[in-house]
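The structure under discussion appears below in the form of structure tokens.
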Amino acid sequence: MEDSVGFENLVEEIWDKIDVIDSRLIFGSILTCGGTTTEKYLNVDNIFVPDVLRELNLEFGSYSMNWRVQNPDIKNRVFFACSNNYGTTHLDYGGFQNRICFEDNRDIGKPFYNKVCTNENAQFWKQLYILDDLKFGKLILIKPNNNDNEHDLYLFDYPDTVVKLKVNLDDYLLLLKKTLGLYNWQEYLTETSYSLDGAIPDSFHKAMNTLFPDEDLSMFRSAPVLEDSIFNRYIDSKNKKDYRRLFIETMNKLKSNSNIEFLYYEDTVGYLYDKTPYTAHYGVTEAVLRKIKRDYGREISEQMLAFYYQMNGCKVSWRYKLTENDHYIQGNINLLNLEEVMGGKWKESYLQWSSPNLFKDEGSVYYFNEEEAIDNPEMAELMLHARLLEDKGEMQDYFIDFIEGEEEPAIYKIVRTSFYKMNISFSTFIQARIQFAGISGWEYRFINHPDFSHELINKTFNEFKEQVNLIITDADFSILE
């Protein structure tokens, strides 16, 4: 590249570029700088800190780009960026292989990336340091050259892929400005031997052409040729259910009823606290879908994709006070986002940059303590591989389980310490939960188990319909027939 990095105007140029999308920003901060350091902390033993990296840390410290802009061409989709440089903390802890794992805030003394740091290549890994954290198990690593300022950069993709980039550090920072950290431009600067997935394409080129149409993209590799896949068949389908619109329409019906009280909850974004009656997420990113396919060797099913591509989870809790007494009709929905469903219940433990396991950590589904597991061995066995789909609380949750040979997942309703498989499709379950605003009772019609007699099921279902008719006057129950 012809330009050179000039930090005296780099931030100013970035802010000029930000003006293009700032008015459309729906989440995050396009550029955050902080934590400047001094020469003292850059004099690290056994490592030559590149001049450009030294200047960056002295002038601006760490930096982060983490923003989302709605895609103007496709409903419920967003363009997003992810780039995080943590300043000298990359150097303070030593090389890439020295990063130490934590479990339950306890140092367990194992490197994050011990799968790749074998004795055979230990010397190579000792020379690598983390430059940029791209999330989803991807990092940009730097291998400093002690003789000059030409430093090799590598794209690391958990668990064991490491590929050299075709640019140096100066070019990397200039391209960061060019793309504003748009996810995931680094993949298109690798050799052709690095396989990009044509089953679930990345939207980098289309996003750049939409947001910054005047930028020259000739140095970036082309997107891969699309192949036959669940994802591409879904994209080509004509009749797509807009789950996010359905959810918002249902919420508007609730809001129009003066007898309904929303049970507000704190929705935390960064350091901001927003009291909101409900949450309707935008569709899941292709980056998550690609990561799931890589980890599991398969795409999620078509019915799951149809929901999560339109809305990546939703949440509401409300109640309706019956005027003649102090009883309430209640409804709540807490359909988890796909990252949580595929990764377990506690997303805080696996979405942090320090935990690359992401969606394949079987130990992250915590549902029992040891005593409960001993008392309920069948359910405990199910929990080893089932995934929490909807967290309702009070042991009334819903799980899904992927059964060998079946495309769509099985759905289980949990009642205290008993689990019941439901005879229902994924799409019908999701539509019913949203259409009826989280009112329960209908689901027992889809459970064939001796614990529930026909009389009990019919009584529960009729009570459910009465409650719905009080809340939603035009309710359509045909989906449950």
Side-chain angles (χ1 to χ4, degrees), residues 5 42 44-57 61-66 81-101 110-176 179 181-196 220-221 287 290-291 294 352-358:
V5 178
L42 289 172
V44 183
D45 293 339
N46 303 320
I47 180 173
F48 173 73
V49 180
D51 288 348
V52 65
L53 198 57
R54 181 182 294 270
E55 185 177 354
L56 180 67
N57 278 277
S62 60
Y63 64 79
S64 175
M65 293 183 180
N66 184 21
C82 193
S83 176
N84 300 275
N85 179 291
Y86 298 101
T88 56
T89 58
H90 292 304
L91 309 177
D92 294 340
Y93 286 99
F96 173 70
Q97 87 291 353
N98 290 331
R99 289 280 183 170
I100 301 301
C101 285
K110 293 192 304 184
F112 291 142
Y113 306 100
N114 59 324
K115 289 187 178 181
V116 293
C117 300
T118 63
N119 291 333
E120 296 177 2
N121 56 20
Q123 192 57 41
F124 171 71
W125 292 109
K126 287 179 181 178
Q127 300 174 69
L128 298 178
Y129 292 78
I130 301 173
L131 174 68
D132 204 350
D133 173 18
L134 311 180
K135 305 297 184 181
F136 303 113
K138 298 183 191 295
L139 302 168
I140 298 300
L141 307 177
I142 182 171
K143 181 174 176 290
N145 186 327
N146 290 345
N147 297 319
D148 54 43
N149 278 312
E150 292 297 319
H151 310 284
D152 295 334
L153 301 181
Y154 295 86
L155 170 64
F156 174 80
D157 202 343
Y158 182 82
D160 55 12
T161 299
V162 60
V163 185
K164 188 176 180 181
L165 298 187
K166 297 187 294 183
V167 294
N168 59 28
L169 182 57
D170 286 52
D171 288 344
Y172 184 88
L173 295 172
L174 290 170
L175 290 173
L176 190 65
T179 62
L182 190 67
Y183 206 85
N184 180 8
W185 60 271
Q186 294 90 343
E187 289 188 351
Y188 296 89
L189 294 175
T190 60
E191 300 294 340
T192 55
S193 59
Y194 179 62
S195 175
L196 292 172
F220 295 100
R221 287 177 52 198
R290 295 170 78 192
K291 180 64 179 173
R294 179 185 176 115
Q352 298 298 320
W353 74 275
S354 57
S355 180
N357 289 303
L358 294 176

Notebook entry, point to check: Taking the side chain from Asp133 and the backbone from Leu139, do they hold a donor-acceptor pair closer than 3.5 Å?
Noted result: no
Notebook entry, point to check: What's the shortest heavy-atom distance between Tyr183 and Leu134, and which atoms?
Noted result: CE1-O, 2.9 Å
Next item on the list: Kindly give the heavy-atom pair with the smallest separation between Arg221 and Glu191, and that separation in Å.
Entry: NH1-O, 3.3 Å
Note to self: Give me the atom names and distance for the closest heavy-atom approach of Thr190 to Lys166.
What the structure shows: O-CE, 3.7 Å
Next item on the list: Apply the side chain to side chain contact (heavy atoms under 4.5 Å, CB included) test between Ile142 and each candidate in Leu153, Leu165, Asp152; give the one that qualifies.
Entry: Leu153
Next item on the list: Would you check, one step at a time, whether the test side chain to side chain contact (heavy atoms under 4.5 Å, CB included) holds for Arg294 with Thr161?
Entry: CA-CA 12 Å; Arg294 179 185 176 115; Thr161 299; 2.8 Å; yes
Margin query: I'd like to check the ring-ring contact (aromatic ring centres under 6.0 Å, His included) partners of Tyr188; sequence neighbours left out, ordered by chain and number.
Written below: Phe204, His205
Notebook entry, point to check: Taking atom CG of Asn184 and atom CG of Leu196, what is their separation to the nearest 0.5 Å?
Noted result: 9.0 Å
Item checked: Flag, side chain of Asn85 to backbone of Asp132, donor-acceptor distance under 3.5 Å -> no
Next item on the list: Given side chain to side chain contact (heavy atoms under 4.5 Å, CB included), test Leu189 with Asp171 step by step and report yes or no.
Entry: CA-CA 11 Å; Leu189 294 175; Asp171 288 344; over 6 Å; no
Next item on the list: Hey, can you tell me if Phe220 and Trp185 have their rings parallel, tilted or perpendicular (30° and 60° cut-offs)?
Entry: perpendicular
Notebook entry, point to check: So how far is it from Gln186 CD to Thr179 OG1, rounded to the nearest 0.5 Å?
Noted result: 7.0 Å
